[in-house]
Peer 1: 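So that we are looking at the same thing, I have put the structure below in structure tokens.
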Amino acid sequence: MTTTKVAAPARRSGPNLGEQRKKDVYRRTMARLGWGFSAPALIVIAAVTIFPIVFSVVMSLSNVNVLGSGFQIDGFTLDNYNVVFTDSTWQYALVFTVGYTIVTVVVEIVLGTLIALVLERLQAGRGWMMAMLLVPWSLITVISATLWDYIYDPLAGVATQILSVLGFGHPVILGSPASAIIAMMIADIWKTTPFVAIIVLAGLVMLPGDVYEAAELDGANGWKTFWQVTVPLLRPTIALAVLFRVLQAFGVFDLPFVLTQGGPQNATTSLAILGYRAMFTDLKFGPGAAVATTTALLVVLGCLLFLRVFRSQVSETEM
């Protein structure tokens, strides 16, 4: 009878074990060093971002009494949210902000994609065109809004003169609710469409060329190639552009503040304008903080929902 011996597993040699331990110690040391270098920046971020958010939530859930020397937080309450949710001005501001966001983002995505497609096919002058596109986007929004305020001026504004020549009389563009909303949307689209175009152009440049060669061999025309090849491949880029623009558009403040002050008749009152009025004009810090908190929650929920839908679409495309 023969017996077979099973060889014992080879033990890790001493030098190799020592090298692994040295690497682990080095990683831990570098991690501590990285946290140490990042600590000042994290403290500043916590001081200027996290603390105001937490303090705003606390104010929204408290009785805030305005005093001669400031304000005093006294007791827990939900009355601030009851006041906000039952206020017709808040309801209109919510509808206006959502509608404004949807319209401007959709138009900017469409125009930005078209501009990016044109730029991607340009053989010469692309750099100059991109530089010209960046001019509106690089302007500070307050300066851009002031520029459009001159354009919409009822006496000497370019837009007013053009409408007068076209037979629309001498309209006060920012004087009626409908025209003021359209005028503000046009100003926003003019400023931020180049931002979308640059993002989409970056995505177009990174698309693989062999996919288009395969589509051409299959006999697909330009329109079919665009919808079945370009658009699916651009979904991550477009999603990024939409996410950035929704975050910016939903918190719109400086554009209506300069152009219309939220008027006429509260027609362009966004949630940010409403919160500003409540806190700094009416000195209602509790309701103002409730407006700010609800706006932030709506933005977070909207972004999470959008990302979930986008991930499901991407997974279906990959399958």
Peer 1: For a 4.5 angstrom cut-off between non-hydrogen side-chain atoms, does Thr293 reach Ser56?
Peer 2: yes

Peer 1: With hydrophobic residues grouped by side-chain heavy-atom distances under 4.5 Å, do Ile109 and Val106 end up in a single group?
Peer 2: no

Peer 1: Can you check whether Gly262's main-chain N or O pairs, donor with acceptor, with Thr269's side chain at less than 3.5 Å?
Peer 2: yes

Peer 1: So, for Pro287 and Val84, which heavy atoms are closest and what is the spacing to 0.1 Å?
Peer 2: O-CG2, 3.7 Å

Peer 1: Determine, stepwise, if the pair Ile199 / Thr237 fulfils side chain to side chain contact (heavy atoms under 4.5 Å, CB included).
Peer 2: CA-CA 7 Å; Ile199 292 182; Thr237 304; 3.6 Å; yes

Peer 1: List the atom of Pro171, the atom of Leu163, and the distance in Å for their closest heavy-atom pair.
Peer 2: CG-CD1, 3.8 Å

Peer 1: For residues Gln265 and Pro177, report the shortest heavy-atom separation together with the two atoms involved.
Peer 2: OE1-CG, 4.1 Å

Peer 1: So, do Thr104 and Val252 sit near enough that their side-chain heavy atoms are less than 4.5 Å apart?
Peer 2: no

Peer 1: For Leu207 and Glu120, run side chain to side chain contact (heavy atoms under 4.5 Å, CB included): C-alpha distance rounded to whole Å, both residues' side-chain angles, the deciding distance at 0.1 Å, then the answer.
Peer 2: CA-CA 11 Å; Leu207 294 183; Glu120 195 267 337; over 6 Å; no

Peer 1: Is it the case that the side chain of Asn80 and the backbone of Ser60 share a donor-acceptor pair, with hydrogens and angles ignored and the cut-off at 3.5 Å?
Peer 2: yes

Peer 1: Fit a plane to each ring of Phe51 and Phe55, take the angle between them on a 0 to 90° scale, and name the class: parallel (under 30°), tilted (30 to 60°) or perpendicular (over 60°).
Peer 2: parallel

Peer 1: Under 4.5 Å between any side-chain heavy atoms of Phe96 and Leu274, yes or no?
Peer 2: no

Peer 1: From Leu78 CG over to Ser62 OG, what is the distance, rounded to the nearest 0.5 angstrom?
Peer 2: 10.0 Å

Peer 1: Run Leu174 and Asp149 through side chain to side chain contact (heavy atoms under 4.5 Å, CB included) and show every step you take.
Peer 2: CA-CA 9 Å; Leu174 300 178; Asp149 192 26; 3.8 Å; yes

Peer 1: For Met59 and Val64, which heavy atoms make the closest approach, and how far apart are they?
Peer 2: O-CG2, 3.8 Å

Peer 1: Can you measure from CH2 (Trp148) to NZ (Lys191) and round to the nearest 0.5 angstrom?
Peer 2: 12.5 Å

Peer 1: Could you walk me through whether Leu133 and Phe195 satisfy the side chain to side chain contact (heavy atoms under 4.5 Å, CB included) test, starting with their C-alpha distance in whole Å, then the side-chain angles of each, then the deciding distance to 0.1 Å, before giving a yes or no?
Peer 2: CA-CA 8 Å; Leu133 276 175; Phe195 170 75; over 6 Å; no

Peer 1: Against Asp24, only a single residue in Arg27, Arg21, Arg28 fulfils salt bridge (Lys or Arg N to Asp or Glu O under 4.0 Å); can you say which?
Peer 2: Arg27

Peer 1: Which heavy atom of Glu108 sits nearest to which heavy atom of Val196, and what is that distance?
Peer 2: O-CG1, 3.6 Å

Peer 1: How far does CD1 of Ile115 sit from CD1 of Ile198, to the nearest 0.5 angstrom?
Peer 2: 9.0 Å

Peer 1: So, taking the atom named CG in Leu240 and the one named CZ in Arg245, what distance separates them when rounded to the nearest 0.5 Å?
Peer 2: 12.5 Å

Peer 1: Counting heavy atoms not belonging to Phe85, are there more than 12 under 6.0 Å from its CZ?
Peer 2: yes

Peer 1: For the side chain of Asp254 and the backbone of Val142, is there at least one donor-acceptor N/O pair under 3.5 Å apart?
Peer 2: no

Peer 1: Report yes or no: do Val205 and Ile238 belong to one cluster of Ile/Leu/Val/Met/Phe/Trp/Tyr joined by side chain heavy-atom distances under 4.5 Å?
Peer 2: yes

Peer 1: Quick one: are Asp79 and Asn82 in side-chain contact, heavy atoms under 4.5 Å?
Peer 2: yes

Peer 1: Report yes if the side chains of Leu271 and Trp90 come closer than 4.5 Å at any heavy-atom pair, otherwise no.
Peer 2: yes

Peer 1: Take atom CD1 in Ile140; do more than 12 heavy atoms of anything else shown fall under 6.0 Å from it?
Peer 2: no

Peer 1: Quick check: closest heavy atoms across Pro256 and Met184, and the distance to 0.1 Å?
Peer 2: CB-SD, 3.3 Å

Peer 1: Without hydrogens or angle criteria, can the side chains of Thr192 and Asp188 be said to hold a donor-acceptor pair below 3.5 Å?
Peer 2: yes

Peer 1: Supply the atom-to-atom distance Tyr152 OH to Leu147 CG, rounded to the nearest 0.5 angstrom.
Peer 2: 10.0 Å

Peer 1: Quick one: are Leu61 and Tyr81 in side-chain contact, heavy atoms under 4.5 Å?
Peer 2: yes

Peer 1: Hey, what do you get for OG1 (Thr260) to CD1 (Ile273), rounding to the nearest 0.5 Å?
Peer 2: 7.0 Å

Peer 1: Under 4.5 Å between side-chain heavy atoms, counting indirect links through other Ile/Leu/Val/Met/Phe/Trp/Tyr residues: same cluster for Val242 and Phe250 or not?
Peer 2: no

Peer 1: Please check if the number of heavy atoms outside Met129 that lie under 6.0 Å from its CE is greater than 12.
Peer 2: no

Peer 1: Under 3.5 Å, is there a donor-acceptor pair between the side chain of Thr193 and the main chain of Trp190?
Peer 2: no

Peer 1: Can you confirm whether more than 12 heavy atoms, excluding those of Phe244, are under 6.0 Å from its CZ atom?
Peer 2: no

Peer 1: Say whether, by atom type as modelled, one donor and one acceptor occur between the side chain of Thr101 and the main chain of Val246 under 3.5 angstrom.
Peer 2: no

Peer 1: Would the distance check show the side chain of His170 and the main-chain N or O of Pro154 forming a donor-acceptor pair, the cut-off being under 3.5 Å?
Peer 2: yes

Peer 1: Check whether more than 12 heavy atoms from other residues, nucleotides or ligands sit under 6.0 Å from atom CH2 of Trp137, and answer yes or no.
Peer 2: no

Peer 1: Does some side-chain heavy atom of Tyr100 sit less than 4.5 Å from a side-chain heavy atom of Leu255?
Peer 2: yes

Peer 1: Picking from Leu247, Thr294, Leu304, what satisfies side chain to side chain contact (heavy atoms under 4.5 Å, CB included) with Val299?
Peer 2: Leu247

Peer 1: Hydrophobic cluster membership, with links at side-chain heavy-atom distances under 4.5 Å among I/L/V/M/F/W/Y: are Ile186 and Phe168 in one?
Peer 2: yes

Peer 1: Please say yes or no: joined through hydrophobic side-chain contacts below 4.5 Å, possibly via intermediate residues, are Phe285 and Val291 part of one cluster?
Peer 2: no

Peer 1: Are there over 12 heavy-atom neighbours, none belonging to Tyr92, within less than 6.0 Å of that residue's OH?
Peer 2: yes

Peer 1: Please tell me if the side chains of Thr97 and Thr295 come closer than 4.5 Å, counting only heavy atoms from C-beta onward.
Peer 2: no

Peer 1: Would you find more than 12 non-hydrogen atoms of other residues, nucleotides or ligands less than 6.0 Å from Phe37 atom CZ?
Peer 2: no

